[in-house]
Amino acid sequence: MNYDFKKIEKKWQEEWENKGAFHAKNDFSLPKYYALVEFPYPSGQGLHVGHPRSYTALDIVSRKKRMQGYNVMYPMGWDAFGLPTENFAIKNKIHPKTVTEKNIARFKSQLMSLGLSFDWSREINTTDEKYYKWTQWIFIQLFNHGLAYKSKMAVNWCTSCKCVLANEEVVNGVCERCGSEVIRREKSQWMLKITNYAQRLIDDLDLVDFIDRVNVQQKNWIGRSEGAEVDFETTAGENLRVYTTRPDTLFGATYMVISPEHPFIEKHASLIKNIDEVNAYKAEAAKKSDFERTELADKKEKTGVEIKGIRAVNPVNGKDLPIFVSDYVLITYGTGSIMAVPAHDTRDWDFAKKFGLPIIEVVSGGDVEKEAFTDVQTGIMVNSGFLDGLEVSEAKDKIIDWLVSNGKGERKVNFKLRDWVFSRQRYWGEPIPLIYCEKCGWVPVPENELPLTLPEVDSFEPGADGESPLASLTDWINCKCPKCAGYAKRETDTMPQWAGSSWYFLRYCDPHNDASLASKEALDYWMPVDWYNGGMEHTTLHLLYSRFWAKFLYDIGILSCPEPYAKRTSHGMILGENGEKMSKSRGNVVNPDDIINEYGADTMRLYEMFIGDFEKSAPWSSQSIKGCKRFLDKFASLSQIAAGRGATPELEKPFHKTIKKVTEDIDSLKMNTAIASMMELINEISDKGSLTLDELETFTLLLCPFAPHLAEEMWHEVCGKDTFASLAPWPSFDEAKTVDAVCELAVQICGKFKGTIMLDAGTSKDDALAAVKASEKFSKLLEGKTVIKEIVIPDKLINIVVK
RNA sequence: GCACCUGUGGCGAAAUUGGCAGACGCGCCAGACUUAGGAUCUGGUGUCUUUGACGUGGGGGUUCAAGUCCCUUCAGGUGCACCA
């Protein structure tokens, strides 16, 4: 067979698409399989060689599942709202919609050219109003259930552009676009109460099969900690409440610290003797950019000012404590104030050393004059009154009991996770469907008026003082209150890019539904996603956000499963040939179009799967890819030797072994070894010089998920079939035929390898030892020695220990 | 700084429960066919002081047996980054 990949690939891509070969069926009685990859952001650069790594891997899984008789859904779409498009639109004065359309067209044709078995009849686009109607609908449900609220929030503010920046736009503390300083500024923002779900987002990780790294990162991000809140009386008359994970060290508290933003300062300003100094410090802290704060944390140079005129009292021993204000205490975590135990906390220790504050050891085991002793496993309580002699964990329980019974504190769990800032003052996003009425407050746009479409504007640039471009559209803003029909105004903020991707996997189940985000039947059938693969960069935010939304939809009865993804894996990056990250500036970018043009999509697919461990990053090699092309050339040339029917005796075992290996490796995402085993098989066939047509058919089907175009061509032109190889039954293997009848066992004397011996499979321990002793070669080595120990691993190894 | 992950030939990498380290591919070497070879085919290819010895970042340990388990150390990567 002539392997003209350009002709073959185009031909089969068209055939598959015309016949709808990969459309998921709406027959809900069939066993289903839902494979999902992260839908791309259609950037102007076109497809990156990294995209196909993930797409091809799950394409192989999907194709195999399809051949195994599952009703497979493998969908694709576009996550198309977002800043790069908007910035491009601003710069080139083109509507972002036009930019998006163009980019999608390019991406789609590139994906098509890879022969991925996506069900294009389910294609979705987050910027399509039929789609974002339901993004808005979900937001309204969140609002109605009290999970969306407006609040003043510190945001990134570029001092030169005079606009709010997303975190992604802040690079090393400066504006990505103009390079000037970014500061924090208070602004009213829509927030989603993801913190309500913090505990469930941790607990339910037990229900799913995520790779460990992902579980760890999710848990770290949520950051659960157990401790206590403790009240400290002050001379100002108001208690200061602190959060601590180490209530056991309460006797070691020698001062207190509150964050610069803490309301306590303003409230008791009249009592503070050095209020000017304190206010100056507050102002200084407010001015600090993220960059400076991070720098400071690195050097651990603590700053702060003592609040003179107010003192606090340690509730456990009545000791008088000074109060400081310092920016190492964050207003956003815990209560915004802490008790400082310099002997057992590194940050407190640094601060105490700098300000000459006392350090009192209350847990023995370290040298607290040299450094803070933070070990909680080994220490014994000292200098701690009724806690003396206890272990740390016992002391924790005892002190919390004491605090509770004396009304001075309580047990408390805290999370690092903060509520989700959901507003963007940008054009290219979903309008937030809320209306503000003086009389009724915030009122959602009525559901029958959804979608609330993005209005046309003259300029996509953010407004002068950081307002959304929509804020200048008076006609659009002014409206009637849906409740009281009075004068009202629309919200002008839009949603962040994360919104559309937080539920897209649900829309695929029923993408053309106008009456609901998807029918209950479709959701119950398809959900949860059986296997979701994506990049590690989305492990924290996208994964957490979408799990949160899915849990909410579960709570209100839309979804029947509490977790959206049953299984999550992650792929490594493909690096440039020099081992560095691919980027234009490094000049090491490989364009997938060029590769497909030179070697074909099948070779490209095969190479990206063969490149190495799927989870690890791997450098591209323009040399290595040739090996994959050679393998496919060899496969194509099998058409010249295939003849007759039945099984070739010498090839029977290699075939069964290969089918087993490929079948199992695909399920564990070890595509590299699956391909290696097929290469071994083709080498054995070459050595033999012949194979039957039946065997060629089997090989074709095995190769089909990896190199579908060539397999399809072989199936039709050489095997003479008129169905799709891609839909033919997956080859089966006979376990008995994968085992060798005769095994080569390693023979060791005292653990040193001395040679091998051939024995029938299943030879007993005694017989194996007898065989070794009987052999001329090994018996010589044992002459005159005393046998101490004999170890036999059946069919593998014999080790005789002698003296 | 803290947490997690990874260290195996010239290169990408293989190696169920600890059981013959280096499968498969690239590259390289030799040969064949060729006007030619960045095409194809055949053979070889961990290292060395080669009757054998040594080899999975370094050091130590457990074991009949360690790439795999334990301790320690070094190097690289990723995540979080003053989270009380």
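Chain identifiers are assigned alphabetically (A, B, ...) following the order of the sequence lines, protein sequences preceding nucleic acid strands; residue numbering begins at 1 within each chain.
Of the side-chain N and O atoms in A/K670, one or more sit less than 4.0 angstrom from OP1 or OP2 of B/A15. Within the structure, a side-chain polar atom (N or O) of A/Q623 is placed less than 4.0 Å from OP1 or OP2 of B/G27. For B/A84, one of the phosphate oxygens OP1 or OP2 lies less than 4.0 angstrom from a side-chain nitrogen or oxygen of A/S225.
At the heavy-atom level, A/K412 lies nowhere under 4.0 Å from the strands shown. Residue contacts for A/N683: at a heavy-atom cut-off of 4.0 Å it reaches the sugar-phosphate backbone alone, with no base atom in range. Heavy atoms of A/R213 sit nowhere under 4.0 angstrom from any nucleic acid atom. Across all strands, A/S621 comes closer than 4.0 Å to no nucleic acid atom at all (heavy-atom distances). A/D348 comes within contact range of no nucleotide atom at all, as no heavy-atom separation falls under 4.0 Å. Across all strands shown, A/I611 has heavy atoms under 4.0 Å from sugar-phosphate atoms exclusively, and none from any base. Among the atoms of the strands shown, only primed sugar atoms or phosphate atoms (P, OP1, OP2) are found under 4.0 Å from some heavy atom of A/N672. Residue A/E744 is in base contact, counting any heavy-atom pair closer than 4.0 Å across all strands shown.
The gap from the C1' atom of B/G25 to that of B/G9 amounts to 14 Å, rounded to the nearest Å. If you take atom P in B/G57 and the same atom in B/A66, they sit 15 Å apart, rounded to whole Å. As rounded to the nearest Å, B/G77 and B/U72 have P atoms that lie 23 Å from one another. For the P atoms, the distance linking B/C11 with B/G46 amounts to 14 Å, nearest Å. Taking atom C1' in both B/G7 and B/U73, one finds a spacing of 14 Å when rounded to whole Å. Here the separation of B/A13 from B/A3, taken at their P atoms, is 28 Å to the nearest Å. For the C1' atoms, the distance from B/A32 to B/A53 is 37 Å, rounded to whole Å. Annotation: B/G43 and B/A23 have their P atoms spaced 16 Å apart (nearest Å).
Candidate nucleotides B/C64, B/C82, B/C20 were compared by shortest atom distance to the side chain of A/T756, and B/C20 ranks first. Here the side chain of A/T244 is nearest to one of B/U17, B/C20, B/A84, namely B/A84. Taking the side chain of A/A618 as heavy atoms from C-beta on, and the options B/C24, B/G19, B/A13, the nearest nucleotide is B/A13. In this structure, the nucleotide among B/U40, B/G19, B/C24 sitting nearest to the side chain of A/E680 is B/C24. Proximity note for A/V329 (side chain, C-beta onward) versus B/A15, B/G27, B/A84: the nearest is B/A84. Listed candidates were B/U17, B/A23, B/C41. Nearest to the side chain of A/A676 is B/A23. Among B/G7, B/C24, B/G19, the nucleotide with an atom closest to any side-chain atom of A/K616 is B/G7. Here the nucleotide nearest the side chain of A/Y333, chosen from B/A84, B/C24, B/C82, is B/A84. For A/R630, counting side-chain heavy atoms from C-beta on, the closest listed nucleotide (B/A84, B/U40, B/A23) is B/U40. Closest approach to the A/T673 side chain among B/C41, B/A15, B/A65 is made by B/A15 (side chain taken as heavy atoms from C-beta onward).
Base orientation of B/G7: anti, since the glycosidic angle falls outside 90° of 0.
The 12-atom threshold is exceeded at NZ of A/K354, counting heavy atoms of other residues, nucleotides or ligands nearer than 6.0 Å.
When ring centroids are compared, A/F610 and A/F631 stay outside the 6.0 Å threshold.
Put simply, the side chain of A/E38 gets close to the backbone of A/G535: a donor and an acceptor are under 3.5 Å apart.
Between the side chains of A/D767 and A/S764, a donor-acceptor pair is found at a separation under 3.5 Å.
Taking atom CD1 of residue A/I749 and atom C1' of nucleotide B/C64, one finds them 12 Å apart after rounding to whole Å. Remark: C1' of B/C80 and CD of A/Q217 are 9 Å apart, rounded to the nearest angstrom. A/I625 has its CD1 atom 12 Å from the P atom of B/C26, to the nearest Å. The distance between atom CG of A/N220 and atom P of B/A3, rounded to the nearest whole Å, is 11 Å.
When each of A/I338 and A/Q748 is assigned the nucleotide of RNA chain B with its nearest heavy atom, A/Q748 is the one assigned upstream, toward the 5' end. Judged by closest nucleotide on RNA chain B, A/D212 is the one of A/D212 and A/M679 placed further toward the 5' end.
A/K302 contributes a side-chain N or O that forms a donor-acceptor pair with the base of B/C82 under 3.5 Å.
A cation-pi geometry, defined here as NZ or CZ lying under 6.0 Å from the six-membered ring centre and within 45° of its normal, does not hold between A/K302 and A/F351.
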| request: Before giving the answer on salt bridge (Lys or Arg N to Asp or Glu O under 4.0 Å), spell out for A/R53 and A/E608 the whole-Å C-alpha distance, their side-chain angles and the decisive distance to 0.1 Å. | output: CA-CA 6 Å; A/R53 194 178 194 190; A/E608 290 215 358; 5.9 Å; no
| message | One pair to check against salt bridge (Lys or Arg N to Asp or Glu O under 4.0 Å): A/E371 and A/K353. What are the steps and the verdict? | response | CA-CA 10 Å; A/E371 61 178 351; A/K353 276 283 166 192; over 6 Å; no
